[in-house]
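So the structure is just underneath, and the comments pick up after that.
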Amino acid sequence: MNVATSIGKVDYDGLIPNNVGLGQDERVKRALEKWHPGYIDWWKDMGPDGFQESLVYLRTAVSVDPKGWAKFDYVKMPDYKWGILLAPQAEGRTIPFGAHAGEPAWQEVPGEYRAMLRRLIVIQGDTEPASVEQQRHLGKTAPSLYDLRNLFQVNVEEGRHLWAMVYLLQKYFGTDGREEAEALLQRRSGDADSPRMLGAFNEKTPDWLSFFMFTYFTDRDGKMQLEALAQSGFDPLSRTCRFMLTEEAHHMFVGETGVTRVIQKTCEAMKEAGITDPYDIARVRKLGVIDLPTIQKKANLHFSLTLDLFGNEISTNAANAFHAGLKGRYREHRLDDDHRLEHSTYPVLRLIDGQIRNEDAPALSALNMRLRDDYVNDANVGVGRWNKVIESFGIPFAIKLPHVAFNRHIGEFSKIHADVDGMVLSDAGWASKRADYLPGDSDKEFIESLMQPQFEPGKFASWIAPPKVGIDNRPGEFEYVKIA
Ligand SMILES: [Fe+2]
Ligand SMILES: [Fe+2]
């Protein structure tokens, strides 16, 4: 079927599928075509290790309409159609916040904010290939073909998100945009000399529980940042982020349901073996499942690493980006205030005389904090669903997100140690309790021992339950990846 003619919106015939009229924009088309081989080289070097020839049952966007968004088909990943897809332009859109609130949204880069805007795009862009790099070795230990396919789906879409940001750089920022687009292919997650820009994107994703936690917690930071950028007065950025959010939702689905299935399997195994004490760790582990306290430790780790991505609680950069109309708040349009924030305050948790206390700060300076608060609320929703599963087995245990001061490396609380309840600890106190809160060597070794691939269609590794429904409603034994 010729998709381009049936949808009429996305030009699917060229090398780069797009709905931005690339065919009529020779300059940008050429710049992107020049960038493309470097991208493919990066993908082959740093993308999924060992599965480049396999046929993967992937969805590809063929339209940006809510209906008929995607089609599913077997593709070799290097042949995936990475494209440039923007949400439709809203007629008469105005800048929703900041000093220019109410003026028509910018269709071109506002000169006075050029550097700030480019920086926002580059930082967002840098996270996209970083996560692909972090996840590149996971394929070899996938617990099922279903999970393997989901991993690759997330990976190709993060690749497409890089394309989305590179398009903005190439189209709107001339020579320095092209240089930034190159540099995005040069940095490497975890590299000592040329690391990715943000800390959490230089950490390892060593096992599948980490992958699920990452997609639950860290992709959710991605969601919050995209939501804030989707409000932007620079309309092309807003439109590209709005479409990226539809893909991001799937990444968080993979994380949330992944952790749910791990918990489900642990509870089932405990029930079957007649184990009621969740802290009977040795016995639980003998069943080939991951004990609940270790799942909690992984959540503590990934949640706290992700909080660092929100930056300093009090931030001039965040204030400037809002004031300029470039980066808004989460669901700005639903907030009922003046959308300028020049005279309002926001409560910020700070370290005051060695104590963690709320203090009112100018709302503009507190925007990182506000986005982080929205994030924590959002992250708690899925945790509640995880706990429903545990509850349904009558096991006395609940996953709980740690206090925001716990295990921080950026911001107010990087100077102190705090426990998961936000009690300030001495260095010695932290040293003695650290292993109760964060995965230690023996936890890592145990999880690693479980990471044996299960590539038989319809089968799952010992430590994870099958999903409730298949991708694209496919039956249980469906061969999501034809490994070559
Ligand atoms: Fe992304
Ligand atoms: Fe993502």
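FYI, side chains are in, hydrogens and waters are out, and symmetry mates aren't considered; it's all heavy atoms of this structure. For ligands, and for the atoms within them, numbers begin at 1 and follow the listed sequence. From a predicted model like this one, the values you see are computed outputs, not experimental measurements.
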### Query
So, do Tyr113 and His100 have ring centers that fall under 6.0 Å from each other?
yes
### Query
When the ring planes of Phe211 and Trp208 are compared, do they come out parallel, tilted or perpendicular, using 30° and 60° as the limits?
perpendicular
### Task
Take the Fe ion (ligand 2) as the vertex and measure to ND1 of His251 and OD2 of Asp219; round to 10°.
100°
## Note on the structure
Which atom of Glu128 is nearest the Fe ion (ligand 1), counting N, O or S only? It is OE1
### Task
For the Fe ion (ligand 2), find the closest N/O/S atom on Glu248 and give its atom name.
OE2
### Query
Does NZ or CZ of Arg149 fall inside the cone over Tyr146's six-membered ring, less than 6.0 Å from its centre and within 45° of the axis?
no
### Task
Examine distances only and state if a side-chain atom of Arg93 and a backbone atom of Gln89 form a donor-acceptor pair shorter than 3.5 Å.
no
### Task
Calculate the angle formed at the Fe ion (ligand 1) by ND1 in His161 and OE1 in Glu158; 10° precision is enough.
100°
